[in-house]
> 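One structure is given below, represented as structure tokens, and several questions about it will come after.
Naming convention: chains lettered A, B, ... in sequence-line order (proteins, then strands); numbering from 1 in each chain.
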Amino acid sequence: MPPSRYNFRLTFESSMSSFIDNKTAVAALFQEALFTAYPALKNEDLPFIIEVEKPKNPDHGHFAVNSALQLARKLGAKPRDIAVAIVAALPASALLAGPPEIAGPGFINIRLSATAESRVVNTVFAAADDFGKGNDGNAQKVMVEFVSANPTGPLHVGHGRGAATGDTIARLLEAQDWQVSREFYYNDAGAQINNLALSVQARVREKANIDATFPEGGYRGDYIIEIAERYVQQNPQDAKGENLDAMQKFAVAALRHEQDLDLKAFDVQFDVYYLESSLYTDGLVEKTVAHLVKMGHTYEMDGALWLKTTDYGDDKDRVMRKSDGSYTYFVPDVAYHVTKWERGFTRAITELGADHHGSLARMHAGLQAMDMGVPKGYPDYVLHQMITVMRSGAEMKISKRAGSYVTLRDLIDEVGRDATRYFFVMRKSDSQLTFDIDLANSRSEENPVYYVQYAHARICSVLNQWGGEAATLKAVDLSPLASKYESDLLRALADFPETLRTAARELAPHLVCVYLGDLAAKLHSYYNAEKFLVEDEGLKLARLSLIAATRQVLKNGLAVVGVSAPEKM
RNA sequence: GCCCUCGUAGCUCAGUGGAUAGAGCAUCCCCCUCCUAAGGGGAGGGUCACACGUUCGAUUCGUGUCGAGGGCGCCA
């Protein structure tokens with residue numbers, strides 16, 4: 001996690017909010033000390049900064065300040081001497097357990113007082129389901145576009161990864177007070193859909209024993225046969241498969257419906273489904289082309305109309321209108337993104353498979369060429385790498401056109417929604433993922449999601465056996481909490497808001513899973529090391545309060561990745 | 001050839017401009033008369049691909065080399 005930076009202004013603003021986290025408070029304290037020790041720094045216009053970081057090694061305290069190292073050159077003094085001067089100037093504060101230690105080349109290691117450390121529990125209870133949320137977004141609008149599968153077949157595992165990633169990003173942004181709209185864009189016309197219709201037609205004719213030639217590159221999956229059968233059932237008048245248009249509409253509707261069911265089973269919902277065909281019917285494609293021509297960024301060559309995307313950082317210019325008069329897919333894509341901007345989304349995020357990364361530069365270039373004030377990096381792209389699906393020790397090729405591929409539904413049916421979602425977001429989206437079906441099937445209890453869920457269920461179980469009123473745990477004396485396990489857990493709880501904020505800023509859902517795994521590990525260690533339901537009433541209540549707060553944070557974290565928090569397992 | 005992403009333990013992957021680079025799986029050893037053993041504790045396992053540069057300090061930033069995957073069409 002990058003160190004947070006603080007300056008006077010930020011510290012002042014933060015102090016206006018009702019709750020100042022310990023890190024901010026520590027930063028303010030040290031800034032004061034630094035200015036007392038080195039008053040001249042106050043007048044420095046340079047980016048003078050106090051960095052408060054969390055040491056990797058817990059023995060180094062809750063926080064560490066490395067300003068002495070960073071200022072050594074400017075102040076012309078030895079780092080350790082600077083550190084001594086800063087510590088000497090430190091005002092008295094209830095935050096600290098004692099005078100900070102100066103360690104190594106000049107780190108200042110800070111240990112919080114027990115009171116400061118444990119107050120996060122009260123914060124968790126007070127905020128409950130809202131604990132961890134922030135307000136980076138300031139209620140601004142953002143669109144997250146993801147999945148965007150064409151209705152030519154069931155969703156495959158790659159779509160699943162996109163769905164889990166996109167939805168979690170949306171949830172992360174919502175937690176930071178962004179006003180999020182989830183959008184699914186799909187192509188319901190064009191060559192691939194035509195291909196779909198021809199594939200269905202071939203199957204219908206096969207059924208009717210009519211000589212049928214399967215289209216080149218047609219969809220050979222069994223789902224086409226099912227659709228063909230249902231089509232004939234519901235359209236007995238066209239048993240010979242002569243109404244291609246009707247078959248196309250039927251197939252698209254059927255596949256869209258199936259995709260919706262899959263997404264629903266995955267707990268993913270969209271606010272808007274945007275049809276590519278509407279860009280044509282609404283005249284937006286023509287309008288976009290006309291605008292680009294008017295802006296003077298186009299030229300004709302070899303009978304085609306080109307856009308000078310190289311003026312905006314693309315590798316080569318792109319064809320917009322082919323010599324046969326039809327448009328390349330690039331044009332409706334630009335038109336589509338123009339609508340995002342015009343619909344008031346000053347920020348847009350597009351989640352795509354990494355195999356589409358080649359289109360990023362030209363999309364950014366296309367939008368710039370519109371000269372309509374769209375920011376250069378618009379939209380933000382989040383790419384997810386390919387998934388290698390293994391079965392019986394062999395790789396299964398994911399090929400939509402071949403028709404033999406692992407579907408999202410397969411995974412949900414075999415390992416469940418929770419495990420599938422967790423698995424898809426637990427890794428950085430730009431690293432490749434190996435999904436071993438055999439492993440997921442035969443040893444599903446080893447899936448890391450159970451580890452986290454089990455921590456939650458364990459806490460529920462303990463609280464049930466205690467049998468007391470959970471609400472009373474909000475206001476207990478936490479001073480009996482003194483063990484290393486308790487301190488570790490308290491620190492982890494305090495990290496949650498920052499984890500969510502970082503994950504949202506970096507559009508990196510996997511950070512939440514990493515955090516949850518760590519929090520669950522600390523709970524399990526604590527569980528094995530200490531008994532909670534002890535005789536000593538004060539100690540018991542303090543421990544129950546701590547684990548109840550932990551339960552809340554586990555629940556909140558799981559909610560962000562769209563995974564349930566079971567009370568029993 | 002050009003562009004993008006990546007290269008960290010046997011495997012799958014986290015992480016970081018700082019102090020001893022982590023987890024899970026796999027291997028080995030321990031822990032249920034005790035709140036769920038779907039758990040915990042411990043051992044072994046690393047030139048953070050390689051080289052150079054920037055820096056007080058580089059596994060992290062930059063450049064280059066090597067390697068892997070992907071993208072480079074008047075396909076979507």
Side-chain angles (χ1 to χ4, degrees), chain A residues 1-3 51 53-57 59-60 64 66 69-70 72-73 78-79 103-107 109 150 152 187 189-193 195 217 276 301-306 314-316 318-330 332-333 353-362 381 383-386 388 400-401 426-436 439 443-455 457-466 510-511 513-515 517-518 520-521 523-534 540 543-544 547 568-569:
Chain A
M1 217 159 288
E51 281 185 14
E53 55 186 21
K54 266 170 278 187
K56 272 183 288 197
N57 186 340
D59 292 342
H60 294 146
N66 63 1
L69 293 164
Q70 296 191 317
R73 174 173 283 184
K78 289 180 187 166
F107 295 105
N109 291 338
N150 286 339
T152 52
N187 177 359
Q192 300 210 40
I193 295 296
N195 218 346
E276 182 179 340
M301 189 175 79
D302 302 332
L305 181 67
W306 297 69
D314 198 5
D315 294 0
K316 53 181 98 169
R318 305 292 169 176
V319 170
M320 295 199 300
R321 191 172 54 222
K322 300 182 241 177
S323 49
D324 69 5
S326 64
Y327 294 109
T328 59
Y329 77 97
F330 166 61
D333 266 12
D355 54 336
H356 287 88
H357 82 258
S359 60
L360 271 52
R362 84 188 66 160
Y381 280 102
L383 303 180
H384 65 259
Q385 274 291 351
M386 308 277 97
T388 307
K400 200 169 194 172
R401 289 181 173 77
M426 67 183 287
R427 265 71 185 273
K428 238 181 349 197
S429 65
D430 59 9
S431 66
Q432 287 169 243
L433 192 68
T434 302
F435 202 121
D436 187 327
L439 185 74
R443 309 170 77 172
S444 61
E445 73 282 358
E446 286 179 10
N447 198 302
V449 68
Y450 293 113
Y451 184 80
V452 177
Q453 290 181 316
Y454 183 43
R458 257 188 161 169
I459 296 170
C460 290
S461 173
V462 172
L463 293 175
N464 277 336
Q465 285 176 48
W466 167 58
H510 75 283
L511 294 176
C513 294
V514 171
Y515 171 84
D518 180 64
L523 185 279
H524 288 310
S525 291
Y526 184 31
Y527 181 94
N528 277 274
E530 314 272 10
K531 192 164 164 69
F532 305 142
L533 299 171
V534 291
K540 180 174 76 181
R543 288 182 171 170
L544 291 176
I547 63 168
K568 263 184 208 162
M569 288 178 72

> Remember a base hit wins even if backbone is also touched, and classify Asn66(A) as base, sugar-phosphate or nothing at under 4.0 Å, heavy atoms.
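Base contact.
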> For rA37(B) and Arg458(A) - does any side-chain N or O of the residue sit under 4.0 Å from the phosphate oxygens OP1/OP2?
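Indeed, a polar side-chain atom of Arg458(A) lies that close.
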> Does a side-chain N or O from Lys322(A) land closer than 4.0 Å to OP1 or OP2 of rC75(B), or not?
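The answer is yes; a side-chain N or O of Lys322(A) sits under 4.0 Å from OP1 or OP2.
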> Could you check which of rA76(B), rA14(B), rG40(B) has an atom nearest any side-chain atom of Gln192(A)?
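Among the listed nucleotides, the one closest to the side chain of Gln192(A) is rA76(B).
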> Categorize Asp302(A) for me: base, sugar-phosphate, or nothing, with a 4.0 angstrom heavy-atom threshold over every strand shown.
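Since a base atom lies under 4.0 Å of Asp302(A), the category is base.
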> Answer yes or no: does a side-chain N or O of Ser326(A) lie under 4.0 Å from OP1 or OP2 of rC74(B)?
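Answer no for this pair, as no side-chain N or O of Ser326(A) is under 4.0 Å from OP1 or OP2.
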> So what's rC74(B) paired with, Watson-Crick or G-U wobble, going by both distances under 3.5 Å?
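The base-pairing partner of rC74(B), which may sit in any strand shown, does not exist here.
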> For rC32(B), is chi within 90° of 0 (syn) or not (anti)?
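Because its glycosidic torsion lies within 90° of 0, rC32(B) adopts the syn conformation.
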> How is Ala457(A) classified with respect to the nucleic acid when contacts are heavy atoms under 4.0 Å: base, sugar-phosphate, or nothing?
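Answer is base: heavy atoms of Ala457(A) come under 4.0 Å of a base.
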> Regarding rG71(B), can its base be found pairing with the side chain of His357(A) as donor and acceptor, where the two atoms are less than 3.5 Å apart?
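For His357(A), whose side chain was compared with the base of rG71(B), there is no donor-acceptor pair (under 3.5 Å).
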> Would you check if the side chain of Asp302(A) reaches a backbone N or O of Ala304(A) as a donor-acceptor pair within less than 3.5 Å?
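Absent.
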> Between Trp306(A) and Met301(A), is there a donor-acceptor pair closer than 3.5 Å when you use the side chain of the first and the backbone of the second?
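Confirmed, Trp306(A) side chain pairs with Met301(A) backbone.
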> Side chain of Lys531(A): nearest nucleotide among rG15(B), rC34(B), rC74(B)?
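Looking only at side-chain atoms, Lys531(A) lies closest to rC34(B).
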> Quick check: on RNA chain B, is the nucleotide nearest Lys316(A) upstream (toward 5') of the one nearest Asn187(A), or the reverse? Name the residue that is more 5'.
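Here Lys316(A) is the residue nearer the 5' end.
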> Using Watson-Crick or G-U wobble geometry with both distances below 3.5 Å, tell me the partner of rC48(B), or none.
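Result: none.
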> Please give the distance between the C1' atoms of rC75(B) and rC66(B) as a whole number of Å.
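It comes out at 34 Å once rounded to the nearest Å.
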> Within this structure, what is the NZ-to-C1' distance between Lys568(A) and rG39(B), rounded to whole angstrom?
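From Lys568(A) NZ to rG39(B) C1': 19 Å.
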> Need the pair for rC25(B). Rule: Watson-Crick or G-U wobble, both distances under 3.5 Å, any strand; none if unpaired.
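By the stated definition (distances under 3.5 Å), rG10(B) pairs with rC25(B).
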> Starting at the 5' end of RNA chain B, which residue's closest nucleotide do you reach first, Tyr526(A) or Asp315(A)?
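This one resolves to Asp315(A).
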> Please measure how far the P atom in rG57(B) lies from the corresponding atom in rG15(B), and state the result in whole Å.
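Rounded to whole Å, the distance is 27 Å.
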> Return yes when atom NZ of Lys322(A) has more than 12 non-hydrogen atoms of other residues, nucleotides or ligands closer than 6.0 Å, and no otherwise.
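Yes, the 6.0 Å shell around NZ holds more than 12 heavy atoms from other groups.
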> If you look at every strand shown and take non-hydrogen atoms under 4.0 Å, does Ala304(A) touch a base, only sugar-phosphate, or nothing?
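Answer is base: heavy atoms of Ala304(A) come under 4.0 Å of a base.
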> Have a look at Ala529(A) and say if it touches a base, only the backbone sugar-phosphate, or nothing, with a 4.0 Å heavy-atom cut-off.
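Result for Ala529(A) = nothing.
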> Using a heavy-atom cut-off of under 4.0 Å over every strand shown, decide if Leu511(A) touches base, sugar-phosphate, or nothing.
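Counting heavy atoms under 4.0 Å across all strands, the contact made by Leu511(A) is with sugar-phosphate only.
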> Parallel, tilted or perpendicular: which one describes the rings of Phe532(A) and Tyr526(A), with boundaries at 30° and 60°?
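It falls in the tilted class, 30° to 60°.
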> NA contact type, Asp314(A), heavy-atom cut-off 4.0 Å: base, sugar-phosphate, or nothing?
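If one applies the 4.0 Å heavy-atom cut-off, Asp314(A) turns out to touch nothing in the nucleic acid.
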> Can you figure out which of rG15(B), rA19(B), rA76(B) approaches the side chain of His510(A) most closely?
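Within the option list, the nearest is rG15(B).
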> Look at all strands and tell whether Ser461(A) reaches a base, only sugar-phosphate, or nothing, counting heavy atoms closer than 4.0 Å.
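Base, at least one base atom sits under 4.0 Å.
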> If you measure from CG on Asp355(A) to NE2 on His384(A), what distance do you get to the nearest 0.5 Å?
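Output value for this atom pair is 7.5 Å.
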> Calculate the interatomic distance between Asn150(A) atom CG and rC75(B) atom P; express it in whole Å.
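That distance rounds to 16 Å.
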> Is there a donor-acceptor contact under 3.5 Å from the side chain of His524(A) to the main chain of Ala521(A)?
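Pair absent, no side-chain N/O of His524(A) close to backbone of Ala521(A).
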> From the list rA19(B), rG40(B), rA76(B), which nucleotide is the closest neighbour of the side chain of Tyr451(A)?
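For Tyr451(A), the side-chain atoms sit closest to rG40(B).
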> The side chain of Gln385(A) is closest to which nucleotide in this list: rG69(B), rG39(B), rG41(B)?
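Nucleotide nearest to Gln385(A)'s side chain: rG69(B).
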> Closer than 4.0 Å, any side-chain N/O of Tyr527(A) to the OP1 or OP2 of rA37(B)?
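Yes, within the criterion.
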